Amino acid sequence: CIPGKRVFVTSTTYSGNLLQAAGAADGLAAGDKLCTQAAQAAALGGTWKAWLSVKGTDAKTRMAGVVGGWYLLDGTKVFNNAANLTTQPLANIRMTEQKTVINSGTSVWTGTLNGGAAGPSNCLDWTATIGPMGTSPVATIGDAVFASNWTDGSTLFCSSSARLYCFEQ
């Protein structure tokens, strides 16, 4: 029994056009839908949100405050509470919804800077792999293997593939 809420990184990777992958109302809703689908496929139940930011919406404000914090599916504590989402996690978020640990292909779409605020790059709010006039947009990514870069490790072209962090609400 996990005393708080759960968190995982998706076993599936997606291009930065999450809207196309999920067919939701907007990019944030698409990320949430992909997390929910992953959780449902693994019979986890619960309500899930993707750790994503867009212009005007920070990832840290999308997460509900929880009693007991967030835990990996094996019971390892990752965050004490919502305020801790603005810091480095206690453990790497590299366990998938299937309880497998990933060691390669660890890029995770976030659009979020350290501290939980929206970064300047997010695949046009998670709706595109090609920008205006054929440009190649990028997004801020985290790294599931390095806790210090969990939400802001570098950037990746939106046509590339990366995973999502999914937080139970």
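Residue numbers run from 1 in the order of the sequence given. For clarity, every value in this text was computed on a predicted model and none was experimentally measured.
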Search all heavy atoms of [X] against all heavy atoms of [Y] and return the closest pair with its distance.
| X | Y | answer |
| --- | --- | --- |
| C158 | A128 | CB-O, 3.4 Å |
| A82 | A64 | CB-O, 4.2 Å |
| G116 | S53 | O-OG, 4.2 Å |
| T10 | A38 | CG2-CB, 4.4 Å |
| A30 | A22 | O-CB, 3.5 Å |
| G31 | L18 | CA-CD1, 4.2 Å |

Test item: [X] side-chain N/O and [Y] main-chain N/O as donor-acceptor pair under 3.5 Å:
| X | Y | result |
| --- | --- | --- |
| N122 | A139 | no |
| R6 | L44 | yes |
| N17 | T129 | no |
| T112 | T110 | yes |
| R62 | A50 | yes |
| T57 | V54 | no |
| T106 | N103 | no |
| N81 | G69 | no |

### Task
Establish whether I141 and L34 are linked, either directly or via other cluster members, by ILVMFWY side-chain heavy-atom contacts under 4.5 Å.
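Linked, I141 and L34 end up in one cluster.
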
### Message
Could you see if L73 belongs to whatever hydrophobic cluster contains V7? Use Ile, Leu, Val, Met, Phe, Trp, Tyr and a side-chain cutoff under 4.5 Å.
### Response
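Shared cluster, yes.
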
[atom1]/[X] to [atom2]/[Y] distance, rounded to the nearest 0.5 angstrom?
| X | Y | atom1 | atom2 | value |
| --- | --- | --- | --- | --- |
| N149 | S154 | CG | OG | 8.0 Å |
| S121 | W109 | OG | CH2 | 10.5 Å |
| D32 | L52 | CG | CG | 7.5 Å |
| E97 | L164 | CD | CG | 10.0 Å |
| D58 | T86 | CG | OG1 | 11.0 Å |
| K60 | T151 | NZ | OG1 | 11.0 Å |

### Query
Given W150 and V108, is the side-chain contact (heavy atoms from CB on, under 4.5 Å) satisfied, shown in steps?
CA-CA 8 Å; W150 82 277; V108 184; over 6 Å; no

### Task
Could you give me the CA-CA distance, side-chain angles and deciding distance for K49 and M63, then say whether side-chain contact (heavy atoms from CB on, under 4.5 Å) is met?
CA-CA 7 Å; K49 283 192 179 178; M63 301 298 127; 3.9 Å; yes

### Query
Could you go step by step and tell me if Q37 and T12 meet the side-chain contact (heavy atoms from CB on, under 4.5 Å) rule?
CA-CA 11 Å; Q37 289 172 344; T12 303; over 6 Å; no

### Message
As a test of understanding, state which of F8, F167, Y165 forms a ring-ring contact (aromatic ring centres under 6.0 Å, His included) with W51.
### Response
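Among the candidates, only F167 passes.
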
### Task
Using the side chain to side chain donor-acceptor pair (under 3.5 Å) rule, take T140 and D152 through it: C-alpha gap first, then chi angles, then the decisive distance, then the call.
CA-CA 6 Å; T140 302; D152 184 6; 5.0 Å; no

### Message
Quick check on I130: does its CD1 atom have over 12 non-hydrogen neighbours (other residues, nucleotides or ligands) under 6.0 Å away?
### Response
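Not buried by this count: 12 neighbours or fewer within 6.0 Å.
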
### Task
Quickly, which of V101, I102, N92 forms a side chain to side chain contact (heavy atoms under 4.5 Å, CB included) with V9? Name it, please.
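Option passing the side chain to side chain contact (heavy atoms under 4.5 Å, CB included) with V9: I102.
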
### Trace of the side-chain contact (heavy atoms from CB on, under 4.5 Å) decision for I93 with L72
CA-CA 7 Å; I93 308 171; L72 297 177; 4.3 Å; yes

### Query
Does the side chain of D74 come under 3.5 Å of the side chain of T76 through a donor N or O and an acceptor N or O?
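Side-chain D/A pair, D74 to T76: present.
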
### Query
Going by atom types alone, do S11 and T96 pair a side-chain donor with an acceptor below 3.5 Å?
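No, because no side-chain N or O of S11 sits under 3.5 Å from a partner of the opposite role on T96.
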
### Query
In terms of ring plane angle, is the pair F79 and W70 parallel, tilted or perpendicular, where the classes change at 30° and 60°?
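Correct class here is perpendicular.
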
